[in-house]
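Beneath this line is the structure, given in structure tokens, with notes to follow.
Letters A, B, ... mirror the listed sequences (proteins, then strands); counts begin at 1. Side chains are part of it too, since the values below use all heavy atoms of this structure and drop only hydrogens, waters and symmetry mates.
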Amino acid sequence: MEHQYIIEANNLCFSYKTEDGGAFPVIKNLSFAIEKGSFVAILGHNGSGKSTLAKLCNMILTPDSGTLVVGGVDVTRNDLSEDDIYQLRRQIGMVFQNPDNQLVATIVEEDIAFGPENLGIPPKEIRARVDDALRAVNMTEFARHSPTQLSGGQKQRIAIAGIIAMLPDCIIFDESTAMLDPIGRAEVMETIERLNREKGITVLLITHYMDEAIRADRVIVMNQGEIFLDDTPRRVFSKVDQLKSVGLDVPQVTDLVNRLRTDAGFSIPADILHSAEAVEVLKTLYQQKKLRIDREEK
Amino acid sequence: MLKDITLGQYFPGNSVLHKLDPRMKIFLIIIYIVTIFAANNPLSFVLVLASAFVLMLISKIPAKLILRGLKAVFFIMAFTAVINIFWTSGEHLLLDLGIVKIYMEGITYAVFMIVRVISLIIGTSVLLTYTTSPIALTDGLERVLAPLKVLHIPVHEFSMMMTIALRFIPTLIEETDKIISAQKARGADFNSGNLMQRAKALIPVMVPLFVSAFHRADELAIAMECRCYRGGEGRTRMTQLHYQSQDIVMLIVMLSFMAVVIALNFIF
Amino acid sequence: MEEAKHAASIALENVTYRYSIGTPFEKAALQNISLQFEGGIITGLMGHTGSGKSTIAQLLNGLLQPTEGKVTIDGKDIWEDPKKISQIRFRVGLVFQYPEYQLFEETVLRDIAYGPGNMGLPQEEIQRRVADAAKFTGITPDMLEKSPFELSGGQKRRVAIAGVMAMDPEILVLDEPAAGLDPRGRKEILGGIRAYQREKKNTIIIISHSMEDMAIYADKLMVLDHGHVSRYGTAHDIFCHAEDLKRVGLSRPQITKFIMELQKAGIPVESGIYTVDDAYHEVLRVFGEKERG
């Protein structure tokens, strides 16, 4: 049977060992499931455990307790072989924050080929996959360039292509836009959305940019190693005060609409997310108001 | 800026020599070196020197660049020439200055030595360093040396190290540049004081550089693991090298040239 | 009573900067640019990547020497006597992007004291300045005794900024001081810089991509486009012409865009709004106090 979830975690716990022999819990009893093909954003301030969570999903870190099922295979069982981990990493690709520290080769296409080469794919197929991956991130013309000649956003797209070429089911982006300028961020976000939509790749986007999280199907807010909120962006961002209490921002328009509703008593729905919706609501309110004034004047 | 310095001496181009298979170039250079050292008579040396210039023309590398390379070893050449001239004894005495006697043989050896060094430098630079990118060179070496894996020599690991070094040298140079500027902005002085003081002034550059290099190495290792890297075993390569007709032609030309030079040894 | 401190202004006069002169890589990073940063305020210097912002930062404190033109502090050329350029670096502090990669000392305290130490200040003065800089960057006394390498990324950033603040420069230039931090970290760092400026009344230049941040923390904004100043003024002035910003590759704050959309929808709100607070009051004004709900 096809599994509905690509990642299922139950009661996951993880702590870092401190120097004096103690343990510092980072992930506390976490349970969640990620649906295949979905686009999930994980929000949280620095130190909320969101990056640790990503590393657990990929078995770079091993949980202290709890179970983790990836693609229907329990990867936390004791008799896990090296090949199983290998298989898991092929399925769950990862793109990190610093684009410079994840590119291996001195030529773009050689770098993209690195993953498939490690998997022992026949050369002809690697070639085809590399060309596909380059197209998927719109970097075909840079195939023979050196990564050092590229901008941050371009490097990050090459890193993404390197993962795509391994034909993963899911890609985790661990703050992959944090070091980019606005143009680079826009390029990468556009690429991520397209992969999710067109290739059906499950996306886990770890970020602290609210405008990125809005674009997901689902937002998980982490705080102190626990899930604080887990819902659609619409409902998560309507909880302005709760988000602010854990050190997060809300998009400016959401913030404005929330204040108009709670402080000034405007009759606006609580779950407005996009500015177009807010414009519509305010427009209607404004027209009603004008009508009333006109009537009063008559 | 430091980062503009190109690595190695690779000079991108489109000549036949640029297009040769890097493995073949390694073989060709070996044959060429053997030929240079096999030459032992004036005609052979003329041929060897001529071949070096022919290679240079084929490569379309500006002669100025190659001559600059020769200039670097000018003193070594001059030194060996002088030693040869003064220390070789023979039958044809040319000049007798009492303690030193200069013989015809000495002059001949000196000229031969110079021709050898010049041909060697021109040959290796146009066949290999100027026409082969560092990455192709590493790749070629890995494949040529692949049979050594049987002897448990870590050929793949060595070549992976080379590749990563080539990838990160520009990044680290840029980083060094940045750290130096940052410390200068904090009033660091790298240009005055005695040797000890200058060495001490480098600590604020070296410590952050090492910390950052280790940090990068750490992140890169994780990224490589995430991309399923586990050594050379079971690994395939996207680019397969195939010998083309030009490789075979060059091999035949080079072998024939060696044969001619060796044959000349028997005639003279 | 102490006389109000004079705040230095710094300017580029017809500056051209080319790098790698004499190599095939020679390129002009800046071509005949003139601009002036006013004294005693925070100026936000904005522009897309490659607009020459970082080159300007290094020209201002003499790390780079202009190929042509002059860099002047209060009208005086900083390269008048090239031997004294290190004195200029004490007057113009520069915090690079991702400055946490420059920490090297055994303790946070010693790292912050490195710059003031190079200035040859007496010990007590250094200690006083370290304490002062720590205050504005939110470095707690227990952190001062730790190794900088034990700290989190955001804490390291604070230490690096404090290291330059402790040199008490007349002019402080910061290149993307909040890059890569989470919203809370951004607020604390930028808020700290602002509090520092308000107390010292010195001249601060913050280079940033973030219109949202600069609208709040800078007194004046300067927008660069292809190595030239395309706009200079208060946030209000700049965001009144928000359409321009898109052209130079900068994104307008979401709230500015939103207000413009409201205008298009026929609601008579005014342009030049860039904070949620202003937007809130503007909407209330248009709807009229009694008409809500």
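- Residue B/K200 qualifies as open at atom NZ: its count of foreign heavy atoms under 6.0 Å is 12 or below.
- You'll find the side chain of B/R237 stays beyond 4.5 Å of the side chain of A/I126, heavy atoms only.
- Neither the backbone nor the side chain of A/V95 comes within contact range of chain B, judged by heavy atoms closer than 4.5 Å.
- Using a 4.5 Å cut-off between heavy atoms, A/D100 contacts chain B through both its backbone and its side chain.
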Residues B/R235, A/F114; criterion side chain to side chain contact (heavy atoms under 4.5 Å, CB included); working and verdict: CA-CA 9 Å; B/R235 207 166 178 265; A/F114 181 73; 3.1 Å; yes
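- For the set B/R216, B/H215, B/E219, the entry with the most heavy-atom pairs within less than 4.5 Å of chain A is B/R216.
- The most heavy-atom pairs under 4.5 Å with chain B, out of A/G120, A/G93, A/G115, come from A/G120.
- Rounded to the nearest 0.5 angstrom, A/E109 CD and B/T239 OG1 are separated by 8.0 Å.
- Contacts between A/I85 and chain B at a heavy-atom distance below 4.5 Å are absent for every atom of the residue.
- Highest contact tally toward chain B, considering only A/D111, A/N98, A/I60, A/I92, is held by A/D111 [criterion: heavy-atom pairs under 4.5 Å].
- Across all their heavy atoms, B/C226 and A/F96 have their closest contact at SG-CZ, 3.9 Å.
- Chain A forms the most heavy-atom pairs under 4.5 Å with one residue out of B/R230, B/M224, B/E233, and that residue is B/R230.
- For the options A/N118, A/I121, A/V130, heavy-atom pairs under 4.5 Å to chain B are most numerous at A/N118.
- Looking at B/E225, both its backbone and its side chain come within 4.5 Å of chain A, counting heavy atoms on both sides.
- With a 4.5 angstrom heavy-atom cutoff, A/I163 touches chain B only via side-chain atoms.
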Pair B/M160-A/V104, side chain to side chain contact (heavy atoms under 4.5 Å, CB included): steps then yes or no: CA-CA 9 Å; B/M160 184 52 85; A/V104 184; 4.3 Å; yes
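- Sparse packing is recorded around NZ of B/K64, with 12 or fewer heavy atoms of other residues, nucleotides or ligands lying under 6.0 Å away.
- For a residue to count as touching a neighbouring chain, one of its non-hydrogen atoms must lie under 4.5 Å from one of that chain's; by this rule A/P168 does not touch chain B.
- Between chain B and the residues A/L88, A/N58, A/L103, the most heavy-atom pairs under 4.5 angstrom are made by A/L103.
- The choice from A/R129, A/R127, A/K55 that makes the most heavy-atom pairs within less than 4.5 Å of chain B is A/R127.
- For B/F190, the CZ atom counts as densely surrounded, since its 6.0 Å shell holds more than 12 non-hydrogen atoms of other residues, nucleotides or ligands.
- With values rounded to the nearest 0.5 angstrom, A/R90 atom CZ is found 14.5 Å from B/R227 atom CZ.
- Remark: side-chain polar atoms of B/R167 are not paired, donor with acceptor, to backbone N or O of A/S146 under 3.5 angstrom.
- In this structure, chain B has heavy atoms under 4.5 Å from both the backbone and the side chain of A/Y86.
- With a 6.0 Å radius and a threshold of 12 heavy atoms from other residues, nucleotides or ligands, A/N78 has its CG atom at or below the threshold.
- A donor-acceptor pair under 3.5 Å is absent between the side-chain atoms of A/N101 and the main chain of B/A217, judged by distance alone.
- Side-chain N or O atoms of B/T163 include none that pairs as donor or acceptor with a backbone N or O of A/A105 at under 3.5 Å.
- Neither the backbone nor the side chain of A/Q97 comes within contact range of chain B; no heavy atom of the residue lies under 4.5 Å from a heavy atom of that chain.
- Going from atom OG1 of B/T236 over to atom NZ of A/K124 covers 14.0 Å, rounded to the nearest 0.5 Å.
- Of the atoms belonging to A/I172, not a single heavy atom falls under 4.5 Å from chain B.
- Counting all heavy atoms, side chain and backbone alike, A/T148 lies closest to B/T171 at CG2-OG1, 4.3 Å.
- You'll find the side chain of B/M238 stays beyond 4.5 Å of the side chain of A/P123, heavy atoms only.
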